[in-house]
Amino acid sequence: MYGWLVPHIIFPLHERVTRHNFWSGFLELRELQWRSPKELEARSFHKLSHLVSHAYENVPYYRELFETSGIKPHDLTSTSDLAFFPVTTRFDLRRNYPDKVIASNLDPGRRVVNRTSGSTGSPFEFYADLGGMDLVRSSYLLFWDWAGIGPWTPEVRIANSAHFFCQSPQKDFATRTARRILMGERHLLLHGADLTLAEFRDRVHSFSAGGQYYVWSFSSYAKRLASQIVAEGTQLSRYPLVFISYAETLTPTDQELIEQAFRCKVVNHYGLLETPFVAQVCPDNPAVFHVNSERVIVRIVRDGGASAAPGERGRVVITDLSNYVMPFINYDTGDLAVAGARCHCGRGLPTVERIEGRMSEAIQTPMGNIVPSPTLQAFLNNVCLALPHIWEYQAVQTAMDRVVLRIVPTSSFTPTVSAKLKKDLEEFLGPGLAVAVEAVSKIEFEPSGKRPLIKSELTAR
């Protein structure tokens, strides 16, 4: 019922009453995705040029940054020219926050303060822009449409407590009740760090009541539940329509395990709290991510600052086209990704081949190589054949010449397996990097609630 009522009656009526155009914006995005790359790039550049001019005139940090670099807004002639503009880091924005990074010409009522969880050891406070929220909501609807669901589909969210602070049951009770009655919107919030399979099964059974639902989860929590389901050979009373992974790196091996356990498609979603709803895997070609170019410009950047070629790894640098209150222009996210080529699905949206996780979640070798989580997991599973011997693992780089592989062992783990893991990993990582294998009873979550496969204790470059 809600699948017809909400898009045909509730959302159009809501737009007419409130003048918020998130629904018509979604319909436009759904049509624009099939336009040519040239046309979509032109639309992105039009938005970019306005944003850069605004930042230069009204945001002291960017005006000083551009002038120091000898750059003016009119020097920007295409989105590719961002390669010649200076990159901004989280440290730069924190150092100049709030006075120099907030637009002086906008009504303070447009500002919405928010904070990241500090999973990289660097908590970050910033302002979102209420004036751009309709586009953010439209982007949410587009990505959920790709996943085959809508806001009326009941959601089971598995995350850490910091991701629930805006969704307290005591907050806006009347609004939540109205949304449930009018839209069928229902949420079950589960704290993943201490979630057991028995609790998940019981809570979801009561919540779904024989109906459909989808799961929106950190990948590490999903993997732990999936491992227990497969190991115990248990079944769920009802399986989700789709499993959406977010907030952490989803490796191919973990995706396969989650799909096997939950008997549904797994969708890999990419976004940041600073710039949500950036990209999601193509619904017709899950080997690549499509970037929502109406909302963000994503560049995969080499160490020297030039854009990476398709198939080449680099750092993810984002420009948020919807935040005028506190602009993020050429913002280094700290993430690693592989640049993509045009997708064969027919969409003109830019692509990213894969997301490889944060720079702080990669091993840096003395030879200058970078080993991200998916590469390490593929090596352990496909070359070392370690999966039957390990419940969970985490590689911790304690120094440039030392990595500790912490593992929660299965009953088949032996000193011989440990010695082989050490030898194989040292050969794989190259000369100058020693590996120690430590068996532990449990791998602790970070304060952010995440549990990365790789944890680097090196000072960030």
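Basis for what follows: all heavy atoms, side chains included, without hydrogens, waters or symmetry-related copies.
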Quick one: pull up [atom1] in [X] and [atom2] in [Y] and give me the separation to the nearest 0.5 Å.
| X | Y | atom1 | atom2 | value |
| --- | --- | --- | --- | --- |
| Leu93 | Phe126 | CG | CZ | 11.0 Å |
| His187 | Glu155 | NE2 | CD | 5.5 Å |
| His74 | Ser49 | NE2 | OG | 13.0 Å |
| Thr333 | Ile355 | OG1 | CD1 | 8.0 Å |
| Leu321 | Leu51 | CG | CG | 6.5 Å |
| Arg263 | Arg238 | CZ | CZ | 13.0 Å |

Would you say [X]'s side chain and [Y]'s backbone share a donor-acceptor pair under 3.5 angstrom?
| X | Y | answer |
| --- | --- | --- |
| Thr351 | Ala341 | yes |
| Ser138 | Phe22 | yes |
| Glu356 | Ser373 | no |
| Ser69 | Ile71 | no |
| Asp320 | Phe328 | no |
| Asp424 | Cys384 | no |
| His54 | Tyr324 | yes |
| Glu15 | Ser24 | yes |
| Tyr62 | Ile329 | yes |
| Asp92 | Thr88 | no |

Test item: [X] and [Y] side chains (from C-beta on) under 4.5 Å apart, heavy atoms:
| X | Y | result |
| --- | --- | --- |
| His290 | Gln33 | no |
| Leu106 | Arg111 | no |
| Tyr270 | Val291 | no |
| Leu453 | Thr249 | no |
| Lys223 | Leu257 | yes |
| Leu32 | Arg43 | yes |
| Asn268 | Val266 | no |
| Tyr393 | Leu376 | yes |

Practice task
Please indicate whether Glu259 has more than 12 foreign heavy atoms, meaning atoms of other residues, nucleotides or ligands, lying under 6.0 Å from its CD.
Solution key: yes
Practice task
For atom CD of Glu256, decide whether the heavy atoms of other residues, nucleotides or ligands shown that lie under 6.0 angstrom number more than 12.
Solution key: no
Practice task
Could you walk me through whether Tyr331 and Val296 pass side chain to side chain contact (heavy atoms under 4.5 Å, CB included), step by step?
Solution key: CA-CA 11 Å; Tyr331 173 64; Val296 293; over 6 Å; no
Problem - Pi-cation contact, Phe207 with Arg186 (under 6.0 Å, within 45°) - result: yes
Problem - Presence of salt bridge, Asp335 and Arg315, under 4.0 angstrom - result: no
Handout entry: Ion pair Arg224/Glu392, N-O distance below 4.0 Å
Key = no
Residue pair [X] / [Y]: nearest heavy atoms and the distance that separates them:
| X | Y | value |
| --- | --- | --- |
| Ile318 | Val298 | CG1-CG2, 4.0 Å |
| Tyr213 | Ser208 | CD2-CB, 3.8 Å |
| Leu135 | Ser322 | CD2-CB, 4.0 Å |
| Ala337 | Ile300 | O-CG2, 3.5 Å |
| Arg302 | Ala309 | NH2-N, 4.0 Å |
| Tyr2 | Pro7 | O-CD, 3.6 Å |

Handout entry: Full working for side chain to side chain contact (heavy atoms under 4.5 Å, CB included) between Leu236 and Phe200
Key = CA-CA 9 Å; Leu236 303 179; Phe200 174 84; 4.0 Å; yes
Exercise for the section: Step by step, work out the side chain to side chain contact (heavy atoms under 4.5 Å, CB included) result for Val403 and Leu425. Expected result: CA-CA 10 Å; Val403 168; Leu425 264 179; 6.0 Å; no
[X]-[Y] side chain donor-acceptor pair, cut-off 3.5 Å:
| X | Y | value |
| --- | --- | --- |
| Asn21 | Glu28 | no |
| Asn292 | Ser139 | yes |
| Ser78 | Ser80 | yes |

Practice task
Could you walk me through whether Ile370 and Gln364 pass the side chain to side chain contact (heavy atoms under 4.5 Å, CB included) test, one step at a time?
Solution key: CA-CA 5 Å; Ile370 300 295; Gln364 303 177 48; 3.7 Å; yes
Less than 3.5 Å apart, which donor and acceptor atoms pair up between the side chains of residues 276-283 and the rest of the protein, not counting sequence neighbours?
residue : atom : partner : partner atom : Å
Gln280  : OE1  : His269  : ND1          : 2.9
Gln280  : NE2  : Phe143  : O            : 2.8

Exercise for the section: Look at the rings of Trp23 and Phe26 and say which category their plane angle falls in: under 30° parallel, 30 to 60° tilted, over 60° perpendicular. Expected result: tilted
Exercise for the section: Could you walk me through whether Phe218 and Tyr246 pass ring-ring contact (aromatic ring centres under 6.0 Å, His included), step by step? Expected result: CA-CA 5 Å; Phe218 283 23; Tyr246 82 116; 5.3 Å; yes
Handout entry: Stepwise ring-ring contact (aromatic ring centres under 6.0 Å, His included) test for His46 and His50
Key = CA-CA 7 Å; His46 177 73; His50 281 283; 4.7 Å; yes
